[in-house]
Amino acid sequence: MDSNITPSNFIEQAIIDDIKEKGIKQIVTRFPPEPNGYPHIGHVKAMCIDFLTAEKFKGYTNLRMDDTNPSKESEHFVKALQSAIKWLGFRWKKMYYASDYYDFLFDCAVDLIKQGKAYVCDLSAEEISATRGTLTEPGKNSPYRNRSVEENLQMFMDMRADKYKDGEKTLRAKIDMKHPNINMRDPIIYRISHETHYRQGNKWCIYPMYDFAHPLEDAHEGITHSLCSLEFEDHRPLYNWVLENVRLVTGLKPRQIEFARLNLDGTIMSKRYLRELVEGGYVDGWDDPRMPTLEAFKRRGYTPSSIKEFCTRIGVAKSNSLVQPHILEACIREELNKNALRVMAVVDPIKINITNYDEKRTEKVLVSNNPLDPKSKKHTVIFSNELFIEREDFIEKPGAKFFRLTPNGYVRLMGAYIIKCYEVVKDELGNIDHLNCSIIYDAKEQGIKPKGTIHWLSRKHCKQIRTRKFGNLLKEGEVFESGMLDKIVNSNSMTENVSYIEPFGFKQKGNLQFVRMGYYIEDSKLSKKDDKIYLETVSLKDSK
RNA sequence: UGGGGUAUCGCCAAGCGGUAAGGCACAAGACUUUGACUCUUGCACUCGGUAGUUCGAAUCUACCUACCCCAGCCA
């Protein structure tokens, strides 16, 4: 095992130390989602850490559906998770389901009972809560804490044999009700539930708790490093307790290491809220472009590599952070800049007439698909006497640093002519109706060299596409027409299905830089307040 | 007032006793038939605070302060 790897974060450093100290031969990690929702960008960070860490050490990663709670899980989400992993380009070594471990887990519980380290408790949920103590006060022992091994064994068998109702009994680990760490105060490790499990049906009516199941699953699979988020730090003592006390665990014990989960500014990552948005009909679905789900990012035109690059850039640490979306945008922009097809587009059009160009005439103008790539082909755009240009590419009273079209000013139409605007035609209300311009055919001879180059479209030949705009309160999106693409590009198979152009983060000063499939989201901010879901910038903290 | 964590540039984040990496963002200049891209330059005498140890501290010690997580028969 190569321990001469340069660590790029504290987890890798810990693994290197483990390799040296414990003589681990191969690093094995696992990605253990619960199949109860679509994966979001936060899952991707975890995936990257799990898969990429193992990969770096030439180990492997298992995929495990952590389905120990029958009430919220479904096969549908299993598929969604799998396809997301594949889409990102990760490959798991083995696929497991926690629900496949139920027999093993049951045996582990029995082993604990036989050692007198677990007992069946008759306390109700309320009573358990009341006797657990508080953050500052110790808990009280359950009156059922000292049942005999035989009685416990019999009752646990009865629990499994469906002799009790939901909540009537639980199996608890016998640890220490006075432990300063609340997780160690005789945690429940099995509960009774008569809900139908999506894979096991009604075979079981008792289900193991996460804290009990997870370490055993890890150990069973030979996981060397169990990477999870910070909120499980408090659970690590319990994780280790289970591994140390269940005698069915043999061999090297996995080590749990925690990292800070991703918080992306302007959105919410809580699965509960996302579920609520979908189920409450506030958004169109899990792939609604306003959602932080992978499906939504995919729909907005983000590529797997750009999202993975984002995860690499934000790094892995233990401090709670709020990552700004501009980092993600920089990743996709960088990638698209290298390979995106360039087209001219006008989002907010203003009409211009070229008065010294025959109205029956058209010309085919060649524009490079990507000027950055010398081998890229060109596409044809049709030029005519009636054009659209971007409204903000014309200013009546420009400042000194405005290089685009102005009254009596010159500008270059990309790939075509240099024009001069000689008349601004307004309607009764004083709004600009159109501009009259003329082509300067002999610009070169006259030595006219405009500083600005702008996008344009032929009014008769461009194609309208649709974009979506959202209001402040999440509602059904209002569909309106606004963007336009040149027709030639739409005949190109790549953009045949363009439903929208996304200048989001891309329209930096001047012309639109890229056009890609997706939705236009105007300052989307997902948040929740007073039981309503808003698009405004309201932090989750404020909404509590 | 319990336990577990975290504090380094606007946002991420290296750093592990030898005198503050990098990315994003931002600013200035050069180039330019996308005001983009690219290039060049600038951007923490300072590491939550205060003491202390040391020739030397972001790194060690002590004491403060702020924020996050934990009292589901969720994960």
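Lettering of chains follows the sequences in order, A, B, ..., and the numbering in each one begins at 1. This is a predicted model, so every value here is computed, not measured.
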Among B:rC70, B:rC73, B:rG4, find the nucleotide with the atom closest to the side chain of A:I182. B:rC70
Would one find a side-chain N or O of A:R333 under 4.0 angstrom from OP1 or OP2 of B:rA25? yes
I want to know whether A:Y210 and A:Y239 have ring centres closer than 6.0 Å. no
Separation of the C1' atoms in B:rU65 and B:rG49, to the nearest angstrom: 7 Å
Closest of B:rA71, B:rG35, B:rG3 to the A:N181 side chain is B:rG3
Any base atoms under 4.0 Å from A:V316, or only sugar-phosphate, or nothing? Heavy atoms, all strands. sugar-phosphate
Within the 3.5 Å criterion, strictly below it, is a donor on A:T53 or A:E12 matched to an acceptor on the partner's side chain? no
N or O in side chain of A:T136 less than 4.0 angstrom from B:rG3 OP1/OP2: no
Would you say A:S319 reaches B:rA13's phosphate, i.e. side-chain N/O to OP1/OP2 under 4.0 Å? yes
Would you please confirm or rule out a distance under 4.0 Å between OP1 or OP2 of B:rG72 and any side-chain N or O of A:S129? yes
Would you indicate what A:S71 reaches in the nucleic acid, counting non-hydrogen atoms under 4.0 angstrom: base, sugar-phosphate, or nothing? nothing
Salt-bridge contact A:D218-A:R64 (side-chain N to carboxylate O under 4.0 Å): yes
Rounded C1' spacing from B:rC74 to B:rA14 in Å: 36 Å
Nucleotide opposite B:rA7 in a Watson-Crick or G-U pair, distances under 3.5 Å: B:rU65
Can you check the distance between B:rC9 and B:rC26, where both ends of the measurement are the C1' atom (answer in whole Å)? 12 Å
Measure from the side-chain heavy atoms of A:L372 and tell me the nearest of B:rA25, B:rC37, B:rG5. B:rC37
Between A:H225 and A:D50, a side-chain donor and acceptor under 3.5 Å: no
Which of these nucleotides, B:rC70, B:rC12, B:rG35, is closest to any side-chain atom of A:D234? B:rC70
Separation of the C1' atoms in B:rA58 and B:rC47, to the nearest angstrom: 4 Å
Note: for A:K318 and A:V323 on RNA chain B, the residue whose nearest nucleotide lies more 5' is A:K318
Distance, P atom - from B:rC55 to B:rA66, rounded to whole angstrom: 35 Å
A:N69 vs A:K45, nearer the 5' end of RNA chain B by closest nucleotide: A:K45
Could you give the distance separating B:rA21 and B:rG15 at their P atoms, to the nearest angstrom? 14 Å
Complement of B:rC26, any strand, by Watson-Crick or G-U distances under 3.5 angstrom: B:rG42
Counting the benzene-type ring for Trp, do A:Y417 and A:Y441 have ring centres under 6.0 Å apart? yes
Do A:R236 and B:rG4 have a side chain to base donor-acceptor pair shorter than 3.5 Å? no
Who are the side-chain hydrogen bond (donor to acceptor under 3.5 Å, both in side chains) partners of A:H235, not counting sequence neighbours? A:D211
So, is A:R132 near the phosphate of B:rC70, with a side-chain N or O under 4.0 Å from OP1 or OP2? no
Taking only N and O in the side chain of A:R191, is any of them less than 4.0 Å away from OP1 or OP2 of B:rC74? yes
Looking only at B:rC37, B:rG72, B:rG2, the nucleotide nearest the A:N337 side chain is B:rC37
Taking B:rC24, B:rG5, B:rA14 as options, the one with an atom nearest any side-chain atom of A:N9 is B:rA14
Report the nucleotide, chosen from B:rC70, B:rC74, B:rA75, that has the shortest atom-to-atom distance to any side-chain atom of A:K72. B:rC74
Any chance the rings of A:F310 and A:Y302 have centres within less than 6.0 Å? no
Of the candidate nucleotides B:rG35, B:rG4, B:rC73, which contains the atom at the shortest distance from the side chain of A:A125? B:rC73
I want to verify a distance call: between B:rG2, B:rA75, B:rG10, whose nearest atom is closest to the A:H326 side chain? B:rG10
Separation of B:rC37 P from A:E329 CD (nearest whole Å): 14 Å
Between B:rC43 and B:rA20, how many Å separate the two C1' atoms, rounded to a whole number? 14 Å
Considering every strand and a 4.0 Å limit on heavy-atom distances, what is the contact class for A:Y207: base, sugar-phosphate, or nothing? nothing
If you only use heavy atoms from C-beta on, which nucleotide in B:rG72, B:rA75, B:rG4 is closest to the side chain of A:E233? B:rG4
